**Student:** 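Sending over a structure as structure tokens; questions will come in a sec.
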Amino acid sequence: HVGGARTALFNWLFARHTGGTLVLRIEDTDRERSTEAHTQVILDGLGWLGLDWDEGPIFQGTFAERHRADALRLLAEGKAYRDYLTPEELTSAREAASAAKENFRFDRERLALPVDELARREAARAPYTVRFAMPDAEIAWDDAVHGRISWQGRDLDDFIILRSDGSAIYNLAVVSDDAAMAITHVIRGDDHISNTPKQIALYRGLGFDVPIFAHVPVILGQDGKKLSKRHGATAIGDYQDMGILPAAMRNFLALLGWSPGNDDEILPEPELIARFALEQIQSKPAVFDPTKLEWMNGQYLSALPADELVGPVLRELKRLGCTVSREAAEPIIEVVKARARTVTMVAEAVRLRLPGVEIVRDPKGDALTAKMGERFSKNLALAHENLDPIPEEGWRATELEHDLLALAEARGLKLGDLMQPIRVALTGGTVSEPVHELLAVVGREESLKRIAAAMKD
RNA sequence: GGCCCCAUCGUCUAUCGGUUAGGACGCGACCCUUUCAAGGUCGAGAGACGGGUUCGAUUCCCGUUGGGGCUACCA
């Protein structure tokens with residue numbers, strides 16, 4: 001989704017800026033929830049965004065043995081202990097605490113089993129989890145985006161590091177892997193801040209170097225709540241489908257929570273890489289604004305040469321069930337792209353300018369015909385009458401413009417009253433490139449046909 | 001509830017103690033003697049509140065309020 005994509009982008013920009021090595025690690029320690037389809041979505045999203053990595057994808061599950069060994073070492077060194085409490089006992093302890101309006105926190109003294117009971121369960125080889133013995137000390141770090149963050153060990157649980165089936169929990173797996181992979185910088189979502197002190201305690205307990213952390217704030221929906229499904233398009237594939245260009249998406253996402261430090265907004269990839277810095281990441285959450293994304297996409301669209309746009313547009317056209325040649329599409333794209341905000345809009349505009357397409361009038365087109373009444377078909381007839389004699393060779397934008405201007409002047413017509421009906425006849429709507437260009441792009445025969453058809457309305 | 005994070009126009013942001021608080025999206029007006037969702041010009045629009053520190057606070061400190069996150073044998 002969008003938040004994950006931005007986090008990935010920040011990691012990528014940081015790695016490329018510093019010349020570091022970007023590692024893609026799929027954290028799949030929860031075997032029930034992670035599926036191949038899941039990771040494929042992630043890989044597709046990164047690929048579309050144009051983000052690559054230097055190592056991986058590495059699947060965390062591969063290293064289950066090492067995770068376990070690290071946990072066992074903690075156990076052997078007395079920094080962790082076995083907990084024979086059953087899930088049921090734990091839940092009831094939790095419920096009792098909440099009934100008494102107390103804060104529940106796993107307390108190794110209070111929840112300790114009586115010695116004989118402990119001995120009994122040990123002897124019976126009862127299942128147990130392994131808990132990390134959280135030291136009662138301050139745990140602090142200098143976060144690259146938030147500055148110093150500090151926690152008290154006593155506010156933290158003796159959290160589980162090994163499940164009763166012997167598998168490692170996320171927090172341990174991450175620390176074990178970070179050390180094994182010599183990770184220097186961890187750039188991740190804000191929602192991991194509360195995991196960080198636990199992980200730091202683990203790094204220390206295991207004798208590992210603690211990496212530098214940068215916690216980037218979450219992305220919010222328009223209502224100020226964390227961006228989620230109910231906000232509509234949140235998957236990055238959704239934006240691909242909407243006709244957003246990867247470059248525009250990158251640029252937009254980069255600016256969501258990060259700033260180059262001045263007013264620059266259109267920042268192509270090399271610029272993004274050159275200027276990216278963790279220190280410029282905003283510490284407050286940002287609201288995702290789809291309208292601004294579309295604006296930015298429009299900027300990229302207008303700046304992109306038609307021949308580079310033709311590929312994506314043709315793909316979109318194909319999806320609409322419409323096959324066109326590059327040669328036919330390119331000149332249309334050229335004339336239409338400045339006004340569009342998405343590839344989808346460009347494709348639709350191209351389709352509308354192809355021969356034999358049924359023209360359906362949109363609400364604004366309808367409003368115009370209603371407003372003009374009789375004059376609508378009258379002016380169309382006039383246009384047809386004057387356009388019809390123009391030979392194929394003369395059917396070019398500059399000549400057409402000249403002819404139309406002359407016609408309007410000769411008849412004392414306001415330009416809009418002559419042009420706008422033609423535009424509606426040709427596209428069904430009231431928005432397009434200048435009418436003479438539109439006529440040229442649609443072509444003589446098709447244009448005259450559409451005008452004639454609209455005259456009857 | 002506890003712990004942690006956060007707070008400049010509606011939104012994204014600039015400002016690293018001294019500015020008429022700047023830009024962008026969106027919005028409004030006007031211009032481009034042809035529409036426009038293109039382009040141009042202009043306009044409305046912000047430092048949550050209360051205390052300090054300081055010659056001077058949007059900026060530093062504390063509190064209040066308001067948001068958000070975490071509080072699992074999830075990641």
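The model shown is predicted, which means the values in this text are computed figures rather than measured ones. Here is the naming used below: chain letters follow the sequence lines, and residue numbers restart at 1 for every chain.
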**Student:** Under a 4.0 Å N-O cut-off, is there an ion pair linking A/D157 with A/K198?
**Tutor:**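 Result for this pair is no, no salt bridge flagged.
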**Student:** For B/rU34 and B/rU20, measure between their P atoms and round to the nearest Å.
**Tutor:**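 So the two P atoms sit 43 Å from each other.
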**Student:** Looking only at atom P, what distance separates B/rG23 and B/rG43, rounded to whole Å?
**Tutor:**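 Between the two P atoms, the distance is 9 Å.
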**Student:** Can you tell me if the side-chain N/O atoms of A/Q222 get under 4.0 Å from OP1 or OP2 in B/rC12?
**Tutor:**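 No, A/Q222 has no side-chain N/O under 4.0 Å of OP1/OP2 on B/rC12.
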**Student:** Is it true that a side-chain atom of A/K337 and a backbone atom of A/L304 form a donor plus acceptor pair closer than 3.5 Å?
**Tutor:**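 Yes; judged by distance alone, with no hydrogens or angles, the pair exists.
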**Student:** By nearest atom, which of the nucleotides B/rU34, B/rC25, B/rC73 is closest to the A/I160 side chain?
**Tutor:**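 From the listed options, B/rC73 comes nearest.
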**Student:** On a whole-Å scale, what distance lies between the C1' atoms belonging to B/rA21 and B/rG2?
**Tutor:**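 Those two atoms are separated by 39 Å.
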**Student:** Is A/E279 touching bases, backbone alone, or none of the nucleic acid, heavy atoms closer than 4.0 Å?
**Tutor:**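 If one applies the 4.0 Å heavy-atom cut-off, A/E279 turns out to touch nothing in the nucleic acid.
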**Student:** Closest approach to the side chain of A/K292, judged atom by atom: which nucleotide of B/rC12, B/rC73, B/rA75 is it?
**Tutor:**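 From the listed options, B/rC12 comes nearest.
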**Student:** Closest to the A/S283 side chain: B/rU35, B/rU34, B/rA7?
**Tutor:**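 So the nucleotide nearest the side chain must be B/rA7.
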**Student:** Looking at every strand, decide which applies to A/S259 at a 4.0 Å heavy-atom threshold: base, sugar-phosphate, or nothing.
**Tutor:**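 A/S259: backbone/sugar contact only, no base atoms under 4.0 Å.
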**Student:** Could you tell me whether A/I149 contacts a base, only the sugar-phosphate backbone, or nothing, with contacts defined as non-hydrogen atoms closer than 4.0 Å?
**Tutor:**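 A/I149: backbone/sugar contact only, no base atoms under 4.0 Å.
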**Student:** In Å, rounded to the nearest 0.5 Å, how long is the span from CD of A/Q199 to CG of A/D178?
**Tutor:**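 With rounding to 0.5 Å, CD (A/Q199) is 7.5 Å from CG (A/D178).
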**Student:** Any idea which of B/rC12, B/rA37, B/rU35 is nearest the A/V431 side chain?
**Tutor:**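 Shortest atom-to-atom distance from the side chain points to B/rA37.
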**Student:** Quick one: the side chain of A/S164 and the base of B/rC73, do they pair up donor-acceptor inside 3.5 Å?
**Tutor:**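 In this structure, the two groups form a donor-acceptor pair.
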**Student:** Should A/M345 and A/R341 count as side-chain neighbours, where that means a heavy-atom distance under 4.5 Å?
**Tutor:**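 Sidechains of A/R341 and A/M345: in contact.
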**Student:** Counting only Watson-Crick or G-U wobble pairs whose two distances fall under 3.5 Å, which nucleotide matches B/rC70?
**Tutor:**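 For B/rC70, the partner nucleotide comes out as B/rG2, under the 3.5 Å rule.
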**Student:** What contact category does A/M345 fall into here, base, sugar-phosphate, or nothing, at under 4.0 angstrom with non-hydrogen atoms?
**Tutor:**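 Base, at least one base atom sits under 4.0 Å.
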**Student:** Who does B/rU65 pair with, Watson-Crick or G-U, both distances under 3.5 Å?
**Tutor:**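 Base-paired to B/rA7.
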**Student:** So for A/D190 and B/rG69, does any side-chain atom that can act as donor or acceptor lie under 3.5 Å from a complementary atom in the base?
**Tutor:**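 No.
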**Student:** Quick one: label A/E401 by what it contacts on the DNA or RNA (base, sugar-phosphate, nothing), any heavy atom closer than 4.0 Å.
**Tutor:**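 Base contact - A/E401 has a heavy atom under 4.0 Å of at least one base atom.
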**Student:** Go through B/rC74, B/rU13, B/rA24 for me and flag the one nearest to the A/A286 side chain.
**Tutor:**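 Nearest listed nucleotide: B/rU13.
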**Student:** Is the closest basic N to carboxylate O distance between A/K292 and A/E294 below 4.0 Å?
**Tutor:**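 Salt bridge absent between A/K292 and A/E294.
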**Student:** Taking atom P in both B/rA48 and B/rG10, compute the distance separating them and give it to the nearest angstrom.
**Tutor:**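 These two P atoms come out 11 Å apart once rounded.
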**Student:** What about A/N195, does its side chain sit under 3.5 Å from the base of B/rA75 through a donor-acceptor pair?
**Tutor:**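 Such a pair exists between side chain and base.
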**Student:** In whole Å, what separates the P atom of B/rC61 from that of B/rC42?
**Tutor:**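 Comparing P positions in B/rC61 and B/rC42 gives a spacing of 38 Å.
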**Student:** Under the criterion salt bridge (Lys or Arg N to Asp or Glu O under 4.0 Å), I'd like the reasoning laid out for A/D264 against A/R275: C-alpha separation, chi angles, the key distance, then a yes or no.
**Tutor:** CA-CA 11 Å; A/D264 296 344; A/R275 301 177 67 170; 2.8 Å; yes
**Student:** Can you see if the side chain of A/R163 gets near the phosphate of B/rC74 - specifically, an N or O under 4.0 Å from OP1 or OP2?
**Tutor:**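 Indeed, a polar side-chain atom of A/R163 lies that close.
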**Student:** What nucleic acid atoms does A/T291 come within less than 4.0 Å of, heavy atoms only: base, sugar-phosphate, or nothing?
**Tutor:**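 Contact class for A/T291: sugar-phosphate only.
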**Student:** Between A/H215 and B/rC5, does any side-chain N or O lie under 4.0 Å from OP1 or OP2?
**Tutor:**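 So the side-chain polar atoms of A/H215 never come under 4.0 Å of the phosphate oxygens OP1 or OP2 of B/rC5.
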**Student:** When the C1' atoms of B/rU58 and B/rG22 are compared, how many Å lie between them, rounded to an integer?
**Tutor:**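 My reading of the C1' atoms in B/rG22 and B/rU58 gives 14 Å.
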**Student:** Is the phosphate of B/rU71, meaning OP1 or OP2, less than 4.0 Å from a side-chain N or O of A/S194?
**Tutor:**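 A/S194 to B/rU71 OP1/OP2: no side-chain N or O under 4.0 Å.
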**Student:** Looking only at side-chain atoms of A/R341, point me to the closest of B/rA38, B/rG69, B/rC74.
**Tutor:**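 In terms of side-chain proximity for A/R341, the closest of B/rA38, B/rG69, B/rC74 is B/rA38.
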**Student:** Please state how far atom CG in A/D155 lies from atom P in B/rC3, giving the value in whole angstrom units.
**Tutor:**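 Those two atoms, CG and P, are 7 Å apart.
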**Student:** Quick test of the criterion, 5.5 Å between centres and less than 30° between planes. Is A/H192 stacked on B/rA75 or not?
**Tutor:**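 So yes, this residue stacks on that base, both cut-offs being met.
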**Student:** For the pair A/E437 and A/R423, find out whether any cationic side-chain nitrogen is under 4.0 Å from an anionic carboxylate oxygen.
**Tutor:**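 No, this pair does not count.
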**Student:** Which nucleotide sits closest to the side chain of A/R94: B/rC73, B/rA38, B/rU35?
**Tutor:**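 My answer, after comparing the listed nucleotides, is B/rC73.
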**Student:** From B/rC4, B/rA24, B/rU34, pick the nucleotide closest to the side chain of A/I193?
**Tutor:**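 Comparing B/rC4, B/rA24, B/rU34 against the side chain of A/I193, the answer is B/rC4.
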**Student:** Quantified in whole Å, what is the C1' atom distance between nucleotide B/rU8 and nucleotide B/rG45?
**Tutor:**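 It comes out at 12 Å once rounded to the nearest Å.
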**Student:** So that I can tick it off, tell me whether A/R148 and A/D143 are bridged by a salt bridge, with the cut-off set at under 4.0 angstrom between side-chain N and carboxylate O.
**Tutor:**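 Between A/R148 and A/D143 there is no salt bridge, as every charged N stays at least 4.0 Å from the carboxylate O atoms.
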**Student:** Would you measure the distance from the C1' atom in B/rA57 across to the matching atom in B/rU15 and give it in whole Å?
**Tutor:**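 13 Å, rounded to whole Å.
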**Student:** Would you mind telling me which of B/rC73, B/rC12, B/rA14 lies closest to the side-chain atoms of A/L90?
**Tutor:**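 Nucleotide nearest to A/L90's side chain: B/rC73.
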**Student:** Counting only side-chain heavy atoms from C-beta out, which of B/rC73, B/rU8, B/rA38 sits nearest to A/K284?
**Tutor:**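 When the side chain of A/K284 is considered, B/rU8 is the closest of B/rC73, B/rU8, B/rA38.
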